[in-house]
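Working notes, beginning with the structure itself.
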Amino acid sequence: MTRTGATRTPLEAVQEFVRSYNAHDKQANHATVSHEFVRYGSVTGWQPMGYESYKEIFDPFLKAFPDFHWEVTNLVPAGAWVAAEVIESATFADDYHFRPDMIIKATGKSYVCHYAIFFKVNDGLITEYHFYEDPTFATQLGIDMESIEMDT
């Protein structure tokens, strides 16, 4: 039986986040994340992405990359923080509606990237997520600026 909310340890919260992400289970995934959630990463220029924005990217990403999967190679809990090393793989099968005004055309190519992610967990829910990305993501997928459509 999976524990929920405040009964989860930080490690259990991250394990459930990964399990639900790999299962493409949006409802279960969002149940692991606090409404005060903030995501940081280079894709946003290290500017915070809040809970509502995080929720909005889930479906478009999984539509574009339907075979998306994280293989966890390391999980290291340290108090409220859990460090994760993952190998992410997927195929760019459908256009990615990254934002309402930005569409990245599908290339049909696959990628395998190594990422480091630091999760902060309070009361059994993930409150912060620091995502250190693999810079080869776009290159592996054959994405260039001409493949990005801006809808203005």
Is the backbone N or O of [Y] less than 3.5 Å from a side-chain atom of [X], with the two atoms forming a donor-acceptor pair by type?
| X | Y | answer |
| --- | --- | --- |
| D134 | H114 | yes |
| E133 | S42 | yes |
| T91 | A93 | no |
| T32 | A13 | no |
| S53 | G50 | no |

Near-ring test F61/F68, centroid separation under 6.0 angstrom: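 Ring-ring flag for F68/F61: true, centres closer than 6.0 Å.
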
Would you kindly confirm whether F65 and M102 end up in one hydrophobic cluster when ILVMFWY residues are joined by side chain heavy atoms under 4.5 Å apart?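 The answer is yes; both residues are in one hydrophobic cluster.
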
Do M49 and F118 belong to the same hydrophobic cluster, where Ile, Leu, Val, Met, Phe, Trp and Tyr are linked whenever their side-chain heavy atoms lie under 4.5 Å apart, directly or via other members?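 Each belongs to a different hydrophobic cluster.
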
Audit row: L125, R8, side chain to side chain contact (heavy atoms under 4.5 Å, CB included) steps and yes/no: CA-CA 8 Å; L125 295 174; R8 278 194 211 120; 4.3 Å; yes

Give me the atom names and distance for the closest heavy-atom approach of [X] to [Y].
| X | Y | result |
| --- | --- | --- |
| T127 | N122 | OG1-ND2, 3.4 Å |
| A28 | E16 | CB-OE2, 4.1 Å |
| A106 | F92 | CB-O, 3.6 Å |
| Q140 | C113 | NE2-SG, 3.5 Å |
| S89 | V112 | CB-CG2, 4.1 Å |
| Q47 | Y40 | C-CD2, 4.3 Å |

Stepwise, does the ring-ring contact (aromatic ring centres under 6.0 Å, His included) test hold for W70 with Y21? CA-CA 8 Å; W70 273 359; Y21 206 32; 4.9 Å; yes

Identified side chain to side chain contact (heavy atoms under 4.5 Å, CB included) partner of V82 from the options I117, V76, T9, V14: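 Testing V82 for a side chain to side chain contact (heavy atoms under 4.5 Å, CB included) against I117, V76, T9, V14 leaves exactly one candidate, V14.
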
Before giving the answer on ring-ring contact (aromatic ring centres under 6.0 Å, His included), spell out for H30 and F58 the whole-Å C-alpha distance, their side-chain angles and the decisive distance to 0.1 Å. CA-CA 9 Å; H30 295 315; F58 196 91; 5.3 Å; yes

Between [atom1] on residue [X] and [atom2] on residue [Y], distance to nearest 0.5 Å:
| X | Y | atom1 | atom2 | answer |
| --- | --- | --- | --- | --- |
| R39 | W46 | CZ | CH2 | 8.5 Å |
| R19 | N29 | CZ | CG | 9.0 Å |
| E128 | E36 | CD | CD | 11.5 Å |
| D123 | S34 | CG | OG | 8.5 Å |
| T139 | K109 | OG1 | NZ | 10.0 Å |
| I143 | T107 | CD1 | OG1 | 6.0 Å |

Walk me through it: do V121 and F17 pass the test side chain to side chain contact (heavy atoms under 4.5 Å, CB included)? CA-CA 11 Å; V121 180; F17 179 92; over 6 Å; no

Restricting to salt bridge (Lys or Arg N to Asp or Glu O under 4.0 Å), what partner residues turn up for D67, sequence neighbours left out?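 Applying salt bridge (Lys or Arg N to Asp or Glu O under 4.0 Å) to D67 gives none.
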
Salt bridge (Lys or Arg N to Asp or Glu O under 4.0 Å) with K26: which residues, sequence neighbours excluded?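 Per chain and number, K26 pairs via salt bridge (Lys or Arg N to Asp or Glu O under 4.0 Å) with D59.
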
Take L75 and Q15 through the test side chain to side chain contact (heavy atoms under 4.5 Å, CB included) and record every step on the way to the result. CA-CA 9 Å; L75 276 178; Q15 288 170 324; 3.8 Å; yes

Could you tell me if the side chain of W81 sits less than 4.5 Å from the side chain of P10, heavy atoms only?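 They are not in contact (no side-chain heavy atoms under 4.5 Å apart), so the answer is no.
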
Qualifying residue for ring-ring contact (aromatic ring centres under 6.0 Å, His included) with F37, from Y54, F119, Y51: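 The residue from Y54, F119, Y51 that satisfies ring-ring contact (aromatic ring centres under 6.0 Å, His included) with F37 turns out to be Y54.
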
Residue of the set F131, Y111, Y132 for which ring-ring contact (aromatic ring centres under 6.0 Å, His included) holds with F137: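 Per the ring-ring contact (aromatic ring centres under 6.0 Å, His included) rule, the option paired with F137 is Y111, out of F131, Y111, Y132.
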
Before giving the answer on side chain to side chain contact (heavy atoms under 4.5 Å, CB included), spell out for E71 and T73 the whole-Å C-alpha distance, their side-chain angles and the decisive distance to 0.1 Å. CA-CA 6 Å; E71 177 189 336; T73 56; 4.1 Å; yes

